[in-house]
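Please read these numbers as outputs of a predicted model, since none were measured by experiment. What you see below is based on every heavy atom in this structure, not just the backbone, and it leaves out hydrogens, waters and symmetry mates. Naming convention: chains lettered A, B, ... in sequence-line order (proteins, then strands); numbering from 1 in each chain.
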Amino acid sequence: MDNKLRIYNSLSRKKEFFEPINPPYVGLYVCGPTVYGDAHLGHARPAITFDLLYRYLKHLDYKVRYVRNITDVGHLENDADEGEDKIAKKARLEQLEPMEVVEYYTHRYHRNMEALNVLRPNIEPKASGHIIEQQLMVEEILEHGFAYEVNGSIYFDVEKYNQSHHYGKLSGRKIEELQANTRRLEGQDEKRNPFDFALWKKAAPEHIMRWPSKWSNGFPGWHLECSAMSTKYLGEQFDIHGGGMDLLFPHHECEIAQSTAAHGKESVKYWMHNNMITINGQKMGKSLGNFITLEEFFRGNHKLLDKAYSPMTVRFFILQAHYRSTVDFSNDALQAAEKGLERLLKAKNTLHQLKPGKESSLNVDELAKNCYQAMNDDLNSPVLIAHLFEAVRFIHLIKEGKETIRAKDLEQLKELYQTFVYDILGLQQEETDRSELTTELIEMILHLRLEAKKNKDFATADKIRDELTRKGIIIKDTKDGFEWEW
RNA sequence: GGUCGGUUGGCCGAGUGGCUAGGCACUGGUCUGCAAAACCACGUACGGCGGUUCGAAUCCGCCACCGACCUCCA
């Protein structure tokens, strides 16, 4: 392929050619979930977006180290640096140990991700397991003069940092605007400026998640964990940092400031952000209370859902939109995705039944080129899918005898299909329960049905078909017999 | 209020200055005992008003509407 991968860098607001710092190695860090509740459709978006990136980078033979964290401490409920820890609150409400909450929802998150065929990252660090690293980073920032201590808590000095660096470069903000727009909140008297953020917080007496430090018994600030853990596992400078667009400010802006303040240089080369999933045009989010959990999608038990949608339908639905566009949830859209996916996946069976001919009326090289071009253009999965549907159409036409393909091209087409549909898009056939039926049994029943048809006993034939359909077996009558699949 | 982004045919959703994206749905047809599947045919869409251009949905300006971020959020 002569064209190369380009990705949109939020920092430059442009598509840039992807050039790793130390090829063939690629360091990828993505902000993972705060595990205080079930994952919803919104959580599936970054997971699938960066799964697509991870899969594609690996396909391009990069040696990728993919780190995605689990936030289990420090993520406060409310206004910056005040309020209760999300995990601790849940624990209090459920009368559980905070770590029980963390383990419970981490497990469920993994289960959902597995259902969506999202590959596990290489490293999945937890914030609570990296308190020492975070404390060391606080010390570095203090030593460099970009933080101050008040009453056992350490805050990042944004104004000081801004004198020598640009705080706001990622989100396109100016400190004066922040000054003008930041609301003055109660209980923030400790901070020199309202936009300063906590690196370490002294724990209030009722705060159960706390660790000793030279400053106080306390806990780390939310923004710090990603900086500390990405540094630990990917180094002071690494290639790609991803996450949802809503994290751009302040979370990622703070990460840049922290890393730069600690190490004297910026840590991330490419920032990538996936857009939001909306519901009736509004962002789907926990704080808005309009979210549908993945579990609810898979089971269909939510008042907004007409029916259950399989994990692969959800995955395909997300991949049908470009990751930087918002995508609006609706039953119609999900159902359209469901049918489209079925068509795409079923074509595989047809593809493997094809007989090669003397000539090819399809240019497989051209198709492959188009697929790579789509992916290279900032992971344009919707365009890739459009090309794959062109292939599907062609596959059907070959079967109908209206087009032909050479043996060599047929092999290439099979390989292409496997690569893009299964390996890169990560789509897979749904598992169905086949425990009570065997191939032999089904064949036997279908032959009985054929007998019935020959005897014009259509009532029996239809009854058999209905029963088997109920078991998830699809029957297609042909001129001289039948085909079936499950 | 500030910053940024969006507005594409019934629904979803790509996109480039001139060459039908794609999916789903609908309708008609082929096939079929009937279906299903598949195939064929079919839709001249790009928020509004100006401007640039031989030519704009695609570039520029203004307006309208919607959204995101500015507080935790994937």
Output yes when at least one side-chain N/O atom of [X] is less than 4.0 Å from OP1 or OP2 of [N], else no.
X: A/R324; N: B/C4; result: no
X: A/N380; N: B/A14; result: no
X: A/R393; N: B/C40; result: yes
X: A/S325; N: B/A14; result: yes
X: A/R173; N: B/C69; result: no

For A/Q353, does the CD atom sit with more than 12 other heavy atoms under 6.0 Å from it, leaving out its own atoms?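 Yes, because the 6.0 Å sphere around CD of A/Q353 holds more than 12 heavy atoms from other groups.
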Looking only at the side chain of [X] (C-beta and beyond, no hydrogens), which of the listed nucleotides [options] gets closest?
X: A/P250; options: B/A74, B/G15, B/C72; result: B/C72
X: A/Q282; options: B/A68, B/G33, B/C39; result: B/A68
X: A/V327; options: B/C39, B/G33, B/G13; result: B/G13
X: A/D246; options: B/C34, B/C69, B/C24; result: B/C69
X: A/K453; options: B/C69, B/G22, B/G33; result: B/G33
X: A/H396; options: B/C39, B/A74, B/A35; result: B/C39
X: A/A336; options: B/C69, B/C39, B/C24; result: B/C24
X: A/P382; options: B/G33, B/A14, B/A74; result: B/A14
X: A/R343; options: B/G33, B/A14, B/C24; result: B/C24
X: A/K286; options: B/A74, B/G33, B/G23; result: B/A74

How would you label the contact of [X] with the nucleic acid (heavy atoms, under 4.0 Å): base, sugar-phosphate, or nothing?
X: A/H322; value: sugar-phosphate
X: A/N274; value: base
X: A/I475; value: base
X: A/D328; value: sugar-phosphate
X: A/K339; value: sugar-phosphate

Pairing donors with acceptors under 3.5 angstrom, does anything connect the side chains of [X] and [Y]?
X: A/K201; Y: A/Y155; result: yes
X: A/D328; Y: A/T278; result: yes
X: A/T478; Y: A/E483; result: no

| message | Would the base of B/C34 count as contacting A/D477 through its side chain, where contact means a donor and an acceptor less than 3.5 Å apart? | response | yes
Is the A/H43-A/H40 ring centre distance short of 6.0 angstrom?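 Aromatic pair counts; centres sit under 6.0 Å.
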- prompt: Between A/F420 and A/Y56, is the gap from one ring center to the other below 6.0 Å?
  reply: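 No - the distance between ring centres of A/F420 and A/Y56 does not fall below the 6.0 Å cut-off.
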Rounded to whole Å, the CG-P distance (A/D466 to B/C34) equals 16 Å
To the nearest angstrom, the CG-C1' distance between A/L248 and B/C4 comes to 10 Å
When rounded to the nearest Å, what value does the distance between [atom1] atoms of [N] and [M] take?
N: B/G18; M: B/U58; atom1: P; answer: 11 Å
N: B/G48; M: B/G10; atom1: P; answer: 14 Å
N: B/G9; M: B/C4; atom1: C1'; answer: 29 Å
N: B/U32; M: B/G47; atom1: P; answer: 46 Å
N: B/C26; M: B/U20; atom1: P; answer: 27 Å
N: B/C19; M: B/C24; atom1: P; answer: 25 Å
N: B/U53; M: B/A45; atom1: C1'; answer: 23 Å
N: B/G6; M: B/A14; atom1: P; answer: 12 Å

For residues 167-174 of chain A, which side-chain donor-acceptor pairs fall under 3.5 Å, sequence neighbours excluded?
{"unit_1": "A/K169", "atom_1": "NZ", "unit_2": "A/E266", "atom_2": "OE2", "d": "2.4"}
{"unit_1": "A/S171", "atom_1": "OG", "unit_2": "A/R173", "atom_2": "NE", "d": "3.0"}
{"unit_1": "A/S171", "atom_1": "OG", "unit_2": "A/E253", "atom_2": "OE1", "d": "2.5"}

Nearest-nucleotide check on RNA chain B, A/F458 vs A/G340; residue mapping nearer the 5' end is A/G340
*Could you say whether A/A337 or A/L247 is positioned toward the 5' end of RNA chain B, judged by the nucleotide with the nearest heavy atom to each?*
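Of the two residues, A/A337 wins.
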Encoded 5' to 3' (Watson-Crick or G-U under 3.5 Å; [ ] crossing; | other strand), RNA chain B becomes (((((((..(((.....[...)))..((((.......)))).....(((((..]....))))))))))))....
- Please answer whether B/G22 and A/F389 are stacked, defined here as ring centres separated by less than 5.5 Å and planes angled under 30°. no
Would you say [X] and [Y] make side-chain contact, with heavy atoms under 4.5 Å?
X: A/V327; Y: A/N275; answer: no
X: A/W484; Y: A/E443; answer: yes
X: A/I395; Y: A/I405; answer: no

